[in-house]
Every structure is written in structure tokens, then in C-alpha cells.
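Throughout, a chain's letter reflects where its sequence line sits, starting with A, and its residues are numbered from 1. All heavy atoms count here, side chains included; hydrogens, waters and symmetry mates do not.
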Number of protein chains: 2
Amino acid sequence: MAVGGEEGTVTGRAPTLDEVAREAGVSRSTASRAINGGERVSPKAQAAVDAAIARLGFSPNRAARALATSHTGSIALVIPEPDERFLTDPFLLGVLRGVNRGLVDSENQLVLLIAHEGQSPGRMASFLNAGHVDGAIVASPHRGDQIEETMRGSRPVVFIGRPFVSEGMSYVDVDNVEGGRLATQRLIDAGRRRIGTITGTLDMTAALDRLEGWRAALSAAGLPDDAVEGGQFGIEQAEAATHRLLDRVPDLDALFVASDTMAIGVRRALQARSLSVPGDIALIGFDNLGPAENMTPGLTTVDNPLLMMVQEATRILLDRIRDPQRPPEALVLPARLVERGSV
Amino acid sequence: MAVGGEEGTVTGRAPTLDEVAREAGVSRSTASRAINGGERVSPKAQAAVDAAIARLGFSPNRAARALATSHTGSIALVIPEPDERFLTDPFLLGVLRGVNRGLVDSENQLVLLIAHEGQSPGRMASFLNAGHVDGAIVASPHRGDQIEETMRGSRPVVFIGRPFVSEGMSYVDVDNVEGGRLATQRLIDAGRRRIGTITGTLDMTAALDRLEGWRAALSAAGLPDDAVEGGQFGIEQAEAATHRLLDRVPDLDALFVASDTMAIGVRRALQARSLSVPGDIALIGFDNLGPAENMTPGLTTVDNPLLMMVQEATRILLDRIRDPQRPPEALVLPARLVERGSV
DNA sequence: CTGTTAGCGCTTTCAC
DNA sequence: GTGAAAGCGCTAACAG
């Protein structure tokens with residue numbers, strides 16, 4: 001492991017491997033081996049190189065290394081969401097923290113690729129294929145992203161959230177169906193009989209799956225599953241959807257909301273109509289990524305183990321970069337209900 | 001040697017400049033010139049190269065280019081905050097969006113550097129000095145960060161938020177002093193006379209400056225400036241600080257809180273004591289980066305033009321990378337009060 | 001275990 | 001305007 005440059009003479013120019021080798025009294029190749037794992041290097045040479053590195057404050061030039069190995073030592077985090085909303089969401093922060101943790105002590109650097117507003121959809125894919133990074137983590141793919149198709153057979157990619165076309169792809173997800181079912185079952189167990197849902201953006205599998213879970217629980221209990229509104233993750237949209245739903249289904253007594261952030265909007269709508277939670281309407285959200293914790297009063301929700309998901313995704317990615325023969329890996333983590341009194 | 005290369009067939013391997021040159025019927029140097037601005041290239045050659053590039057789907061290898069030019073084509077966004085809180089904050093999201101926007105159509109890629117928990121403080125600095133990136137944007141530096149010192153005289157760096165040691169450094173900031181003054185003056189104008197403040201982490205200039213603005217307004221009005229508590233940006237800390245302050249200063253009738261996020265905690269404390277806003281206590285926050293907008297009831301606050309700050313920072317950085325002779329640039333954007341009824 | 005020898009793909013003098 | 005040639009700093013066979 002290369003040591004940083006606290007020591008060493010300040011030359012203005014970064015020292016090269018050649019200089020290290022000379023300083024250590026060995027050849028460049030020996031120095032190189034010593035740096036990369038120390039295979040077939042005598043303890044003596046190793047020590048000399050280590051010392052030289054420390055003395056000079058040497059740090060290997062990534063570009064040169066990448067050129068020689070055709071491994072860039074960097075992985076991309078792709079945010080295919082051109083939408084402003086996404087970047088306001090605690091989701092992205094979780095992803096960032098997870099990737100970052102997963103990358104600790106891996107010598108890899110994180111390249112952030114965020115979709116720009118009017119940018120051609122295939123641009124990111126071509127960036128990835130151009131070999132500028134060794135692999136990528138794609139956060140929350142949407143139906144219609146070019147990403148999935150273009151990524152096939154190129155550098156390894158791991159998706160956060162199951163992509164629409166998932167065969168042959170690596171991804172990590174939370175069990176959204178089970179989460180939706182758990183939440184809805186909880187409402188049923190609480191004695192609610194007219195249970196609606198405010199869905200997220202239905203071009204994402206997460207939203208579809210949560211809806212499916214809701215539906216499954218209701219149909220298992222023989223309850224009606226027609227109280228559906230929504231279609232967009234977003235506070236205002238959720239607020240409007242709630243109003244629409246209440247207009248249509250006045251006897252509603254519970255709501256499963258596809259995300260905690262959306263629940264903010266739902267609560268506003270309920271408040272506007274002087275409906276109490278959980279008195280009039282029981283409420284369960286999804287995610288538990290921050291908003292739910294800070295809400296007063298609390299919001300019962302389904303825990304989305306995002307941090308772990310992302311860390312796992314990073315691990316899978318690094319494994320596949322290390323060994324390209326590895327088969328794709330799909331991992332679905334269990335969902336868990338977190339009680340906070342809104343039921 | 002891999003077979004193929006004559007045709008634009010998909011070889012699995014990315015095409016090289018050599019292949020482009022051959023395809024275009026020119027030398028590698030001419031192809032290179034054509035790609036980089038087209039100086040001293042005949043229109044005919046230019047067209048041939050362009051066509052070849054399109055046909056082959058060529059994209060220059062960044063590593064090779066970096067090696068040849070000693071310009072990596074990537075800039076770092078440094079988050080020197082090992083603290084979990086920071087990554088829960090809308091601040092980081094604003095920074096991300098700003099940098100990202102500033103980088104549109106600049107061919108630069110964004111490398112994210114987030115401090116890890118137990119990581120030696122100088123590690124980031126040495127990464128930056130190692131020449132892995134062409135420059136860096138440092139978000140919200142703390143007193144005691146090695147960053148400022150180590151950065152001196154190396155690659156260009158622009159700080160978001162004035163660093164403690166600011167001479168000779170480029171930075172962009174909002175006028176925090178004026179913001180604190182504006183907020184406090186607004187409280188005074190509303191007839192409040194016992195005005196306290198809950199401060200942020202005082203190892204950041206933003207927190208210190210906001211406090212100074214508060215103090216300035218009070219002393220100009222001849223009001224006491226001893227109602228100070230806090231010391232950490234953070235919801236729980238702010239909540240606790242508010243309790244302490246109310247214990248100590250029971251006749252408090254207004255509060256300037258160093259951030260909107262902290263105001264969440266402040267409100268909890270007030271609510272716990274059955275104090276109304278603005279009836280009993282008038283409240284003004286700082287930032288207007290999201291939390292304030294979603295709060296019910298609304299929170300009057302000071303607008304932090306973060307997005308613009310960061311975009312400007314990015315511009316300054318790119319300018320300095322392009323022309324290293326440029327002198328450091330400091331930019332302080334005006335603060336502005338946003339009324340939302342909590343006064 | 002070690003040094004020599006070739007490149008990795010690109011830019012850049014420098015002659016022509 | 002163009003091409004030949006020389007690297008940028010590193011790794012990776014391959015002999016010793």
C-alpha cells in the first residue's frame with residue numbers, strides 16, 4: 001500500500017517508480033512487484049522499496065497503471081434520474097454512503113455519473129463501455145433506461161433495485177412485495193377494512209412490487225383492492241393523489257404509501273380534511289431512511305435496508321471486476337416493519 | 001494480437017486511435033489533432049477522421065491521454081465530513097447538484113472523495129497531491145482539516161464555504177454574517193426583545209459567522225446577546241440546546257437557529273414545553289434547502305444560494321485548471337430572507 | 001528472486 | 001498540413 005506524501009522532498013513533481021527503484025537500489029520491476037503485493041520479492045528488497053516510497057512520498061500514477069493493466073481502478077455510480085426530485089431524496093444519500101463504505105480499503109475511486117436534463121440517454125452507457133471505469137453501480141433503474149440493454153456484455157454492472165429486464169443481470173433489492181404485504185397485513189390486523197394505497201412512479205419495479213404486495217394482502221383477506229391512486233414519487237403528487245382517492249373512496253380507513261417522503265404529502269392532505277392519524281386513517285409508509293424518523297408524530301413504515309443493499313452491491317461489483325467469470329448475482333434482502341404509532 | 005480492426009465490427013475491445021487513423025487513411029498524429037480541436041488539419045482529413053470515429057464508435061482512452069498530457073480530466077469533490085449527520089443533510093445534495101451542473105459539457109468526470117470514519121486526515125490531501133485529479137472542490141471545510149494547509153501550492157482547489165485560513169485560497173460562500181444579521185433584525189423589527197440563538201458546529205466559519213451576525217444585530221439594537229446555546233449542527237443536539245437555553249433564559253421570545261434542519265429539533269423542544277410559534281417564540285432558520293419548505297407550519301429562514309455557490313465554485317475551478325496563473329478568487333453571495341410565517 | 005525488454009494508447013515536438 | 005519518432009509511468013512476460 002502506497003503511503004501518502006507527508007514525507008519526502010517537495011519537488012513539485014510527483015516522484016516516479018523509476019526514482020523509487022533507484023532510491024531503493026533495485027530495478028523498476030522489482031519495485032513494481034514490491035508495491036503490488038510483494039510476490040517474489042526478497043524481504044530485503046521489499047524493505048528497501050518501502051523505505052524509498054516513504055522517503056519520496058511516492059504514490060503510483062493511476063493513469064500509467066490503468067494504461068498498463070487496462071484496469072482504471074475506479075467504479076462509477078450511475079444516477080439515471082434526470083429529475084430534480086431524486087436528488088432531494090434521502091435515497092441518494094443512502095446510496096452514496098453505502099458505496100463509499102463498500103469502497104473503503106479497496107483503492108478504488110468513485111466516479112459519479114448523474115444524468116443531465118437534456119442529455120441523450122445512451123451517453124452514459126457509452127461512457128461506461130468506453131472503459132473509463134471498471135464497472136458500475138446503477139441506482140434505481142427506470143423502465144426505458146437504455147442502461148440495461150447497453151450494459152449487456154460490457155463491464156460488470158450491479159443494479160440497486162431490480163431492473164425491469166433482470167435475467168443475466170446482477171442486482172440487489174429489498175423484498176418490496178413482501179414489504180407491501182407486511183404493511184398492508186398490519187393494517188388489516190389493526191381492524192382496517194377499507195385500505196387504499198398511494199403508489200410511486202410505476203416505471204420502477206420498486207413501486208410496482210410494493211403495489212403488488214398491497215394487492216396480495218388484500219386479496220388474501222378478501223378485501224377490495226380498488227383504492228389505488230398515485231403514480232409518482234413526490235410530495236406534491238402524493239398530496240394530490242390522496243385528495244383524489246378520498247374523493248373517490250370516502251370511507252377509506254387506512255393507507256399504505258409507497259414512500260415516507262410521499263407520506264409527507266399524504267399527511268398534508270389528511271390534515272387539510274381534518275382527518276386524524278391513526279384515528280380516522282391509519283398510515284404506513286415505506287423506506288425508513290430519515291423522513292419517517294423526523295416526523296412528528298411518528299410514521300410506521302417498512303424498513304428499506306438501503307445501506308446494506310448498496311454495500312452488498314459494491315461487494316458483488318468488486319468481486320465481478322476481480323473475476324469476470326463469476327456469474328451474475330441477485331440478492332433480495334428481507335423487508336421489516338418498523339412501528340411508530342401511525343396505525 | 002486481437003484479430004479484426006479493419007472493419008467497424010464490434011470486437012469487444014474498444015477501438016484505438018491507431019485504428020481510427022488507419023480507417024481514415026491518415027497518420028495517428030493527424031487523427032489526434034483532428035480530435036483535439038482540429039488545428040492544422042485539412043478539412044478533408046478532418047472529415048475523414050470524424051467519419052472514422054463515428055463508424056468505429058471511438059472514444060479516446062482517458063488513461064492514455066492522461067499519461068501523455070498529465071491532465072486527468074477529472075476533478076474531485078471532497079467531503080471532509082466523516083460524520084454521519086452530514087450525509088443526511090440536504091447540503092450535500094445541493095453540492096452534488098451544483099457540481100454536476102457546473103460540469104455539464106466540460107468533459108470532466110466527477111470523483112467523489114468522502115472521508116471515512118477512522119481515516120487519517122492527511123490521506124485525502126495526499127490523494128489530491130498525487131495528481132489523480134486536476135483539481136478539487138472542498139465542501140464545508142472544518143477547522144483542523146489538514147486540507148487547507150496541504151492544498152497550498154498544489155492542484156487548484158476551491159472551497160465551498162470560507163475556510164479558516166482563507167488568504168490565497170479560492171472559495172465561494174454566502175454572506176453568513178449578513179444572513180444572521182438579517183434574520184435577527186427581522187426578529188427585532190417584529191418587536192422581540194429577548195432573542196436567543198442556537199449555533200451550529202463552531203469549528204466551521206459558517207456557524208461562527210451566523211453567530212456574529214446575530215450578535216451584531218443585537219448589539220446595534222442595544223439588546224442582550226447572552227442567550228447562546230448549541231455547538232453542533234444536528235437535530236437532537238439542537239433540541240437539547242433549546243432546552244438548556246429555555247432553562248437558563250425563561251423569558252426568551254425569539255430564536256435564530258443556525259440551520260433549518262436544527263430548527264426541527266428546536267421545534268420539538270418548544271412543542272414539548274407547549275410553547276407556540278410564533279406566539280410565544282418567533283423562529284428563524286437558515287438554509288432554505290428543503291427542510292424549511294416541507295415543514296408545517298412554515299419556517300421563515302435565510303436563503304442559502306448553495307446551488308449557485310457550487311456552480312460558481314466549479315466555474316472558478318475549471319478556470320484555474322485551464323490557466324494555472326489565474327489568481328485565487330473569492331466570491332461571497334448575498335443572503336436573503338424568506339418569509340414563511342414563523343415570526 | 002531479479003533485471004531486461006516490450007508495450008498499454010495517446011500527445012507532441014520536429015522535420016518535411 | 002502531415003507523418004515519424006519519442007516518450008508519459010507503469011506492469012508483465014521472459015530469461016537469467
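Nucleic acid contact class of Ala45(B) (heavy atoms, under 4.0 Å, all strands): sugar-phosphate only.
As a whole-Å value, the separation of Arg22(B) CZ from dG9(C) C1' is 13 Å. The separation between Leu56(B) atom CG and dG9(C) atom P is 14 Å, rounded to whole Å.
Residues Leu77(A) and Leu112(B) have side chains not in contact (no heavy-atom distance under 4.5 Å, counting atoms from C-beta outward). Residues His132(A) and Ser59(B) form a side-chain contact, since some pair of their non-hydrogen atoms from C-beta on lies under 4.5 Å apart. Considering only heavy atoms from C-beta on, Val133(A) comes within 4.5 Å of Phe127(A) through its side chain. Using a 4.5 Å heavy-atom cutoff, the side chains of Met308(A) and Val310(A) are not in contact.
Taking CD1 of Ile79(A) as the start and CG of Leu92(A) as the end, the distance is 4.5 Å to the nearest 0.5 Å. We find the CG-CG distance between Leu110(B) and Leu103(B) to be 5.5 Å, quoted to the nearest 0.5 Å. Taken to the nearest 0.5 Å, the CG atom of Asp18(B) stands 4.5 Å off from the CZ atom of Arg28(B).
Side-chain atoms of Asp173(B) come within 3.5 Å of backbone N or O of Arg162(B) as a donor-acceptor pair. Judged by distance alone, the side chain of Asn36(B) and the main-chain N or O of Ser32(B) form a donor-acceptor pair under 3.5 Å.
Running 5' to 3' along DNA chain D, contacts with non-hydrogen atoms of chain A at under 4.0 Å begin and end at dG9(D) to dC14(D).
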For nucleotides 11-13 of chain C, give me every protein contact, N/O to N/O, under 3.5 Å, one pair per line with atom names.
from: dT11(C); atom 1: OP1; to: Asn36(B); atom 2: OD1; distance (Å): 3.3
from: dT11(C); atom 1: OP1; to: Asn36(B); atom 2: ND2; distance (Å): 3.1
from: dT11(C); atom 1: OP1; to: Arg65(B); atom 2: NE; distance (Å): 2.7
from: dT11(C); atom 1: OP1; to: Arg65(B); atom 2: NH2; distance (Å): 3.0
from: dT11(C); atom 1: OP2; to: Ser32(B); atom 2: OG; distance (Å): 2.8
from: dT11(C); atom 1: O4; to: Arg28(B); atom 2: NH2; distance (Å): 3.4

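Using a cutoff of 4.0 Å between basic side-chain nitrogens and carboxylate oxygens, Arg22(B) and Glu19(B) are not scored as salt-bridged.
In terms of position on DNA chain D, the residue among Leu67(B) and Pro43(B) whose nearest nucleotide sits closer to the 5' end is Pro43(B).
In the helix from dC1(C)-dG16(D) to dC16(C)-dG1(D), the terminal helix axes, each the rotation mapping four pairs' C1' atoms onto the next four within five end pairs, subtend 30°, rounded to 10°.
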